[in-house]
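Working notes, beginning with the structure itself.
One is the number of the first residue; the rest follow in order along the sequence. Computation of the quantities below employed the complete heavy-atom set of this structure, encompassing side-chain atoms and omitting hydrogens, waters and symmetry-equivalent molecules. Everything quoted here is computed from the prediction, not taken from an experiment.
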Amino acid sequence: MNVRSFFIAAALAAVASACGGSSGPSVSATFVGTTHGQNLAPKDAQSTTGTITVSPSLQPINAAAIVITDQPSLCSNISAAKEPKSSHYLVLLATQLSVVGGNLTTTVATQPGDYAIYSTTGTPSTANFSVAFFQTTDATCKDVVASDAVGVSGNLHITSVTNGAYAGTYDVMLAAVDANHSPVSGSAQEHVTGTFNTAACASLGGFVSLTRTDACF
């Protein structure tokens, strides 16, 4: 069993998506570019929604979580508390920021549109924003920080939302991260683009979490 941090501090505490999750012909994704010299050849794309903490210094946000991976059967594996070793993941979080009663609040992205990439430092520049993470795991399913990256600019474009399943495109500049998974200032940036057409997976909430206890295989 492994217990480890996932991305910057992503804690998906509540899940509100439908309970689909089986990969079918409509589930697809593409990934063009490299991160730390690594390519990601997508074999599955799943999504869910919930309350997510993207940084210890920020309030949790309500967001959609889109996960693209080079491993098949993501939803069925995590539903069985299993996680494949030596994996790559691209996670895209999308949310909408608004003011309610004088307080800032976020809601899950449920509408097509553009969601500007937010680097998790400072304040989001747009009401509709997204956060992007790239992660690599080793043969024991532990995070390889030196191979991770975080989005510092770019755009997530959602073209459709259907019962918790998301479709769209992404165009992101990624930067290396430090031990706290914050972007390294002045580090070389890498450009990745692609598409996604996910299936809704309720079990994904337990996967996109601060600590996981899935069996590594």
Query raised in the report: Does any non-hydrogen side-chain atom of D44 lie less than 4.5 Å from one of Q71?
Result: no
Query - L204 side chain reached by L74 side chain, heavy atoms, under 4.5 Å - result: yes
Query raised in the report: With a 4.5 Å heavy-atom cut-off, do T120 and P183 have their side chains touching?
Result: yes
Report task. Would you please say whether a donor-acceptor pair under 3.5 Å links the side chains of D138 and T140? Result -> yes
Report summary line: Shortest non-hydrogen pair, A175 vs Q189, comes out as CB-CG, 4.4 Å
Query raised in the report: Can you tell me how far the OG1 atom of T198 sits from the CD1 atom of I68, to the nearest 0.5 Å?
Result: 9.0 Å
Report summary line: On a heavy-atom basis, the closest approach of L92 and L156 is CD1-CD1, 3.9 Å
Report task. Indicate the ring-plane relationship of F31 and Y170, choosing parallel, tilted or perpendicular according to the 30° and 60° boundaries. Result -> tilted
Query raised in the report: Counting N and O atoms only, with roles assigned by atom type, does the side chain of T106 sit under 3.5 Å from a partner on the main chain of N62, one being a donor and the other an acceptor?
Result: yes
Query raised in the report: Does S130 reach the side chain of L93, with side-chain heavy atoms less than 4.5 Å apart?
Result: no
Query raised in the report: Looking only at heavy atoms, which two atoms of S47 and G164 are closest? And how far apart?
Result: OG-O, 2.7 Å
**Report entry** Among T169, D114, D171, the one residue meeting side chain to side chain donor-acceptor pair (under 3.5 Å) with N155
**Finding:** D114
Requested in this report: Flag the pair C201 / I78 as yes when at least one side-chain heavy-atom distance between them is below 4.5 Å, and no otherwise.
Outcome: yes
Report summary line: Heavy-atom closest pair (K82 atom, D214 atom, distance to 0.1 Å) is C-CB, 4.0 Å
Query - Verdict with reasoning, H36 to D148, per side-chain hydrogen bond (donor to acceptor under 3.5 Å, both in side chains) - result: CA-CA 8 Å; H36 298 289; D148 290 351; over 6 Å; no
Query raised in the report: Can you tell me if S79 uses its side chain to pair, donor with acceptor, with the backbone of C75 under 3.5 Å?
Result: yes
Query raised in the report: Would you say T137's side chain and S87's backbone share a donor-acceptor pair under 3.5 angstrom?
Result: yes
Query - Nearest-0.5 Å distance that lies between atom CG in L90 and atom CD in Q135 - result: 11.0 Å
Query raised in the report: Rounded to the nearest 0.5 Å, how far does CZ of F196 lie from NE2 of H157?
Result: 9.0 Å
Query - Minimum side-chain heavy-atom gap T49-Y166 below 4.5 Å - result: yes
Query raised in the report: How long is the span from the OG1 atom in T34 to the NE2 atom in H191, to the nearest 0.5 Å?
Result: 11.5 Å
Report task. Decide yes or no for S28 and T30: does some side-chain heavy atom of the first lie under 4.5 Å from some side-chain heavy atom of the second? Result -> no
Requested in this report: Could you pull out the closest heavy-atom pair between S147 and T35, with the gap in Å?
Outcome: O-CG2, 4.4 Å
Query raised in the report: Which atom pair, heavy atoms only, marks the closest approach of V145 to A179?
Result: CG1-CA, 4.5 Å
Requested in this report: Without swapping roles, check the side chain of S203 against the backbone of S76 for a donor-acceptor pair under 3.5 Å.
Outcome: no
